[in-house]
*Asks:* 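Got a structure here, written out as structure tokens. Questions coming.
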Number of protein chains: 2
Amino acid sequence: MPKQTFLNLPEEKRAKIEQAAINEFTAYSYDQASTNRIVEAAEIPKGSFYQYFAGKKDLYRHILDKILERKMEFLTPVMANPMEMDFFQLLRETYVAGLRFATSNPELQQISQRLMADRNHPVFVEFIQDNMGKADDVFRQLIQLGISRGELREDLDVAFAAHIISEMNNSVADFYKSYVKQTMDDDYLNMVDKLLDFLRRGIGSSEQVGS
Amino acid sequence: MPKQTFLNLPEEKRAKIEQAAINEFTAYSYDQASTNRIVEAAEIPKGSFYQYFAGKKDLYRHILDKILERKMEFLTPVMANPMEMDFFQLLRETYVAGLRFATSNPELQQISQRLMADRNHPVFVEFIQDNMGKADDVFRQLIQLGISRGELREDLDVAFAAHIISEMNNSVADFYKSYVKQTMDDDYLNMVDKLLDFLRRGIGSSEQVGS
DNA sequence: TGGTCATATGACCTTATGGTCACATGATAA
DNA sequence: TTATCATGTGACCATAAGGTCATATGACCA
């Protein structure tokens, strides 16, 4: 957590520092990011930086918190009323909300992606596992709900399915990027629909074959 | 490419250097890996290192080449006779081969994973895109074949499906790790079968619903 | 006015990095 | 024996990192 000194700062100055940090972490991985550069961009002396934060890690966590907060602004409205939509509609809205976040906050998305990429980095394992665990839980509940409503196969391995869907949720933005590059189709609604169709029906032909 | 001097080295010495590099790149990301530590572990003078390689990047590429070579030893036998298996059998064998590589070469797997994680790092984009492009191509052909044999839905978006399957191929080893952690089931055959079942049939109930 | 206290400041520290280079060594050929 | 040439060697270099600290500043109160 930032020190009180930082929180006491006039909002303008605080915002400038945060923005400098966001720019740095957008351009460089955590390890490569430089407090010197941040300090320079924020136009504050090196010493002041250490009045505000315990160090690089502290600043990074602060930025992650801000990102999570912002992402939740997109996600919570979707999750608010799970009973009004079926499973796939809900999942669709979830993925779409993630993509809306990603396209309207490209720097923050970039930082999140770096975070997921470096997910075994000692500095963030804790943060990651906490949040991914929560996501798995949410999806597990949604799947249970979907099964009980007859929207999903009854013989699903719930935890396994939850994990897959949660992983897809993480990689959907990344996936979208390469989708656009390949197909020149930048409408993420198309992509999400295709993805959900895969998830729903699989890719096998209808002729049933024993596993 | 390593310099001729390196190739002239007695095999024992060469192996020692390569092993030191593998250990370093297993423990640290490319950026964090230190030539100083490698040189120390390999018990060669710093100067000698630069007689053998142009620099860190050169060494890293050399190691990547060795990894790819080794991974291919697992994969080529599977791909050798695609007409003797149906699509899902072939895919299963492919995933299993990847997992066999991963479990029998954990350090190399770790390095590959780091590579995929840092895939936009300027030093490896070229290497990555080359190889992922190749993978996409292979899967596209397999899917075409699968459709023509009636094993896959005719209305598939081939490129899209190929991309998904290729991505899954990349993440299956990663996925396996968290699968084991969650379920305590370390039999990857189970996991692969579940994954393929998802891919084949989807997770939706059989009641057909308009998309 | 003088004292106190949070805050501001930047020169400076240690430690590490990737990389260089003048020179040493030793095998081969004349 | 002497010259040549690939190879070996480690002290050394510039650069940059994250972090510290003695000192300066300035707002507030007695």
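No experiment lies behind these values; they were computed from the predicted model shown. Note on naming: letters A, B, ... go to the chains in the order of the sequence lines (proteins, then strands), and numbering restarts at 1 for each one.
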*Asks:* Verify the contact: side-chain N or O of A:Tyr50 to OP1 or OP2 of C:dA8, cut-off strictly under 4.0 Å; return yes or no.
*Replies:* no
*Asks:* To the nearest Å, give me how far apart CD (B:Gln51) and C1' (C:dA22) are.
*Replies:* 13 Å
*Asks:* D:dA17 phosphate, OP1 or OP2: any side-chain N/O from A:Thr35 under 4.0 angstrom?
*Replies:* no
*Asks:* Nearest-Å distance, CZ (B:Arg14) to C1' (D:dT7)?
*Replies:* 16 Å
*Asks:* Do the ring centers of B:Phe175 and A:Phe160 come within less than 6.0 Å of each other?
*Replies:*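 Ring centres of A:Phe160 and B:Phe175 closer than 6.0 Å.
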*Asks:* So, OP1 or OP2 of C:dT17: does either fall under 4.0 Å of a side-chain N or O from B:Arg37?
*Replies:*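 Yes, because at least one side-chain N or O of B:Arg37 sits under 4.0 Å from OP1 or OP2 of C:dT17.
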*Asks:* Rounded to whole angstrom units, what separation is found between the CD1 atom of A:Ile17 and the C1' atom of C:dT9?
*Replies:*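 After rounding, the gap between these two atoms is 14 Å.
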*Asks:* Per the atom types in the model, does the base of C:dG19 pair as donor or acceptor with the side chain of B:Lys56 at under 3.5 Å?
*Replies:* no
*Asks:* Expressed as a whole number of angstroms, how long is the span from B:Gln32:CD to D:dG18:P?
*Replies:* 10 Å
*Asks:* Would you mind reading off the distance between B:Ile38 atom CD1 and C:dG18 atom P, rounded to a whole angstrom?
*Replies:*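 From B:Ile38 CD1 to C:dG18 P: 8 Å.
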*Asks:* Would you classify A:Phe6 as touching base, sugar-phosphate or nothing, given that sugar-phosphate means primed atoms plus P, OP1 and OP2, and contacts are heavy atoms under 4.0 Å?
*Replies:*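 Result for A:Phe6 = nothing.
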*Asks:* Measure centre to centre between the rings of B:Phe139 and B:His163, then say whether the value is under 6.0 Å.
*Replies:*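 Centroid separation for B:Phe139 and B:His163: 6.0 Å or greater.
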*Asks:* Rounded off to whole Å, could you give me the CZ-to-P distance for the A:Phe53 and D:dG18 pair?
*Replies:*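 From A:Phe53 CZ to D:dG18 P: 14 Å.
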*Asks:* Without hydrogens or angle criteria, can the side chains of A:Asn23 and A:Glu107 be said to hold a donor-acceptor pair below 3.5 Å?
*Replies:*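 There is no such pair (donor and acceptor under 3.5 Å, judged by atom type) between the side chains of A:Asn23 and A:Glu107.
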*Asks:* If the cut-off is 4.0 Å, is A:Asn8 near the phosphate of C:dA6, judged by side-chain N/O to OP1 or OP2?
*Replies:* no
*Asks:* With heavy atoms under 4.0 Å as the rule, sort B:Ala33 into base, sugar-phosphate or nothing.
*Replies:* sugar-phosphate
*Asks:* Students often get this wrong, so: under 4.0 angstrom with heavy atoms, is B:Ser48 touching a base, only sugar-phosphate, or nothing?
*Replies:*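 Answer is base: heavy atoms of B:Ser48 come under 4.0 Å of a base.
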*Asks:* Does the gap between the ring centers of B:His121 and B:Tyr30 come in under 6.0 Å?
*Replies:*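 That pair passes the under 6.0 Å test.
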*Asks:* Whole angstroms only, please: what is the NZ-P distance between B:Lys46 and C:dC23?
*Replies:*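 Taking atom P of C:dC23 as the reference, NZ of B:Lys46 is at 20 Å.
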